[in-house]
Amino acid sequence: MARLTPLAKGLITITILGGAAAAVWHLGLKDMLGQGGADPAHEEASSGGLFGSRDDDDGGSGDSASSSAGGSASSSSSARSSSQGSGSLGSSGNPLKVSIVSFHGYAPAIVANGKSLTTQPGSIFAKQGVNVELIIQDDIPTLTTIFESGAAHCAWRTSDFWAQEQPNLRNSGHDGRAIVIVDNTQGGDAIIARDPSIQKVEDLAGKSIALLQYTPSDGMTIDAIDNSSLTARKKQSVRYVYINAEEGTAGVRAALESGNVDAAALWDPDLALALKNIKGAHVVYSTKTATNLIYDVMVCDQRLLTQPANQPAFQGFVAGWLKGVDAAKSNPDEAVDALVKTEEFFGLLAKDEGKPFVKSLFKNIVWTGLEDNARILGLAGGTNHYERVYRRFDGIYRTAGALANPASPVINPQDSFDYRFVKNLLSADQSAQKEAAKPEFTFTPEQREEAAQAAPQVTKPVIVSFATGAAALNKRAEKTIDEEMVPFIENNGSAYFEVSGNTDSTGARDNNMRLSEARAQAVVDYLVRQWDFPAQRFKVVGHGPDQPICDERNPGAENLTLDDCRALNRTTRVAVFTR
């Protein structure tokens, strides 16, 4: 597998201009873009354990060394596509050009195109009246470069990275909108370890984890550790080892296999290969549990989206892609064939590992149909998970220094998605409306008890304020639950939870045990009543003083005062159990 240089999702590396302290991300494929300077705040390692450098990019000016004259695309079709076509957008003379990478999440579009990168007669896209040219750009030029050069009209982005890149795109004088969600990873991204002592996120304290910076793996890891019950000092003890971008996810996998790191954050197919080939490798936390965290979207040039004459092309593209989802789901073998036929990466992967291995990757990703788009976008009622994730990762990556211009304005998530095309299809499809209104997962007390037999994958402490000796929620406590607990539960869309009340060591133990359980029950009652979470998802426990996070006999070990140590021990905790 060492010769398989394109890695399934690409890695956007963007060059820092004029000393700007920023970076974007990307998933290393055939040709990674030149090396940048080392980040002094973190370790960086190659697969051989030597510390290297990572590539950075301002994502804004379009002058990135990674992308010249259309992004130095990895296929000859990229160069052809930069020429202006004739006729209306989506016609045979002016096809809608869509930049993708070698990734199995985009198989439905290839199926919709007639198992081709260009629209074939009788294909799904042809029947929708739109010609689509899929352009494989495994080096991932910036959106600024893509839109300025005309290399493509639309391009894939993960929702977390789109939150990073849109401010940079605006800074360059351009803008875009996502128009459809094309897949949702549910098991295809994970933190894994080979050390049997690392079973949950909290076990990463004092350990090293290899990953690619500013990728969904990075964001997932940051989110998990931020939401863990680790103290601030223990969170700082987690060592992030950022692999040289040229090594890509193969380098991350190799770092774990060689024993240079304790854990790794990966995505398929390198995730599946690591679990298959590294002795003792096991999942610590993944999007199988955090099902509402990582989405792929198609982002299109806002200048084209605003032109009424182009609406039929974009509408046909969205409709065709979603019909391609149905076709790929009904015949996954055809989807495998489409990937192997059109993408060198999957041809090599199938040759080395077999087509059944390629097909096995599909179980860890959801190709999102119309009903899935409606649910994720909140169009069937409930939370708009896309906007929640966009907002969350904007905050994560601003804090991490991922924006080329840290002063870039925060973009309202509503201004990042053009809902017209999905809404038009949904309004005409009552069946999709009904399916979207159904819960994505069902929960039972029996399954909850079975899941709770294993160790929780991560536990989030929340300081819910109660009056002394009381278990009733006040408005301040409800606000805390809304802002700190609910998003965590929504992230982990398939999970079961143990909600526990806890106390410090002061007071009578029997009273503390009763009070802690009553407070946990009050929290669960509120979540069920106010947020419509199924009661079957929650196990209520009162631990009293028995499970302290901080040692009250030695609070200085966590750099805390005794009062702060006791406050941490009094937190309500939400433990996540995978189904």
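- Asp175 contributes no side-chain N or O that, together with a main-chain N or O of Gln302, makes up a donor-acceptor pair within less than 3.5 Å.
- You'll find the ring centres of Trp162 and Phe393 outside the 6.0 Å limit.
- With 3.5 Å as the limit, one finds a donor-acceptor pair spanning the side chains of Arg420 and Gln311.
- Looking at residues two or more places apart in sequence or on another chain, you find a ring pair (Phe, Tyr, Trp, His ring centres under 6.0 Å) between Tyr419 and Phe417.
- Partners of Phe538 under the ring pair (Phe, Tyr, Trp, His ring centres under 6.0 Å) rule, at least two apart in sequence or in another chain, are Phe497.
- Interatomic distance, OG1 of Thr185 versus CD1 of Ile294, reported as 5.5 Å (0.5 Å rounding).
- Classification of Asp333 and Lys355 as a salt-bridged pair fails, no side-chain N sitting under 4.0 Å from a carboxylate O.
- Nearest approach of Gln164 to Asn168, heavy atoms of both residues: O-ND2, 3.5 Å.
- Listed by chain and number, the residues in a salt bridge (Lys or Arg N to Asp or Glu O under 4.0 Å) with Lys288 amount to none (sequence neighbours excluded).
- Side-chain contact of Glu478 with Thr480: a donor-acceptor pair under 3.5 Å is absent, judged by distance alone.
- Ion pairing between a basic and an acidic side chain is recognised when a charged N comes within 4.0 Å of a carboxylate O; Arg579 and Glu450 show no such pairing.
- Nearest approach of Asn492 to Arg537, heavy atoms of both residues: O-NH2, 2.9 Å.
- For Ala152 against Ile146, the heavy-atom pair with the smallest separation is O-CG2, 3.5 Å.
- For the atom pair His174 NE2 and Gln166 CD, the distance stands at 13.5 Å (nearest 0.5 Å).
- Side chains of Thr291 and Gln186: no donor on one and acceptor on the other come within 3.5 Å.
- Side-chain atoms of Asp296 and Thr158 form no donor-acceptor pair, as typed in the model, at a separation below 3.5 Å.
- No side-chain N or O of Thr578 forms a donor-acceptor pair with one of Tyr285 less than 3.5 Å apart.
- Judged by distance alone, with hydrogens and angles left aside, the side-chain atoms of Thr368 form a donor-acceptor pair with the main-chain N or O of Val182 at under 3.5 Å.
- Ion pair Lys438/Glu371 not flagged as a salt bridge, since none of the NZ, NE, NH1 or NH2 atoms sits closer than 4.0 Å to an Asp/Glu carboxylate oxygen.
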May I have the step-by-step check of side chain to side chain donor-acceptor pair (under 3.5 Å) for Asn424 and Gln315, ending in yes or no?
CA-CA 8 Å; Asn424 287 342; Gln315 188 69 69; 2.9 Å; yes

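- Under the 3.5 Å distance criterion, with hydrogens and angles disregarded, a donor-acceptor pair is assigned to the side chains of Asn310 and Gln307.
- Taking both residues in full, the closest heavy atoms of Arg398 and Pro409 are given as NH2-O, 2.9 Å, listed atom of the first, atom of the second, then distance.
- Using a 4.0 Å cut-off between charged side-chain N and carboxylate O, Arg392 and Asp226 make a salt bridge.
- Remark: side-chain polar atoms of Arg388 are paired, donor with acceptor, to backbone N or O of Asn292 under 3.5 angstrom.
- Contact record, Ser123 with Ala112: CB-O, 3.4 Å, taken as the closest heavy-atom pair.
- In this model, no donor atom of one side chain and acceptor atom of the other lie less than 3.5 Å apart for Glu435 and Gln430.
- The aromatic rings of Tyr496 and Phe443 lie perpendicular to each other, with more than 60° between the two planes, well past the 30° mark.
- Ion pairing of Lys329 with Asp372 is present here, as a side-chain N (NZ or NE/NH1/NH2) and a carboxylate O approach within less than 4.0 Å.
- Heavy-atom contacts from other residues, nucleotides or ligands closer than 6.0 Å to NZ of Lys115 number more than 12.
- Ring geometry for Phe103 against Tyr106 counts as perpendicular: the plane angle is over 60°, on a 0 to 90° scale with 30° as the lower cut.
- Annotation: the span from Leu266 atom CG to Thr215 atom OG1 amounts to 9.5 Å, rounded to 0.5 Å.
- Put simply, CG on Asp189 and CG on Asp218 are 12.0 Å apart, with the number rounded to the nearest 0.5 Å.
- Between the NZ atom in Lys97 and the CG atom in Asn131 there is a gap of 13.0 Å [rounded to 0.5 Å].
- Tyr526 and Asp482 are linked by a side-chain donor-acceptor pair at a separation below 3.5 angstrom, with hydrogens and angles left out of the test.
- Of all the heavy atoms in Gly187 and Ser286, the pair that sits closest is CA-OG, 4.2 Å.
- No more than 12 heavy atoms of other residues, nucleotides or ligands sit less than 6.0 Å from atom NZ of Lys479.
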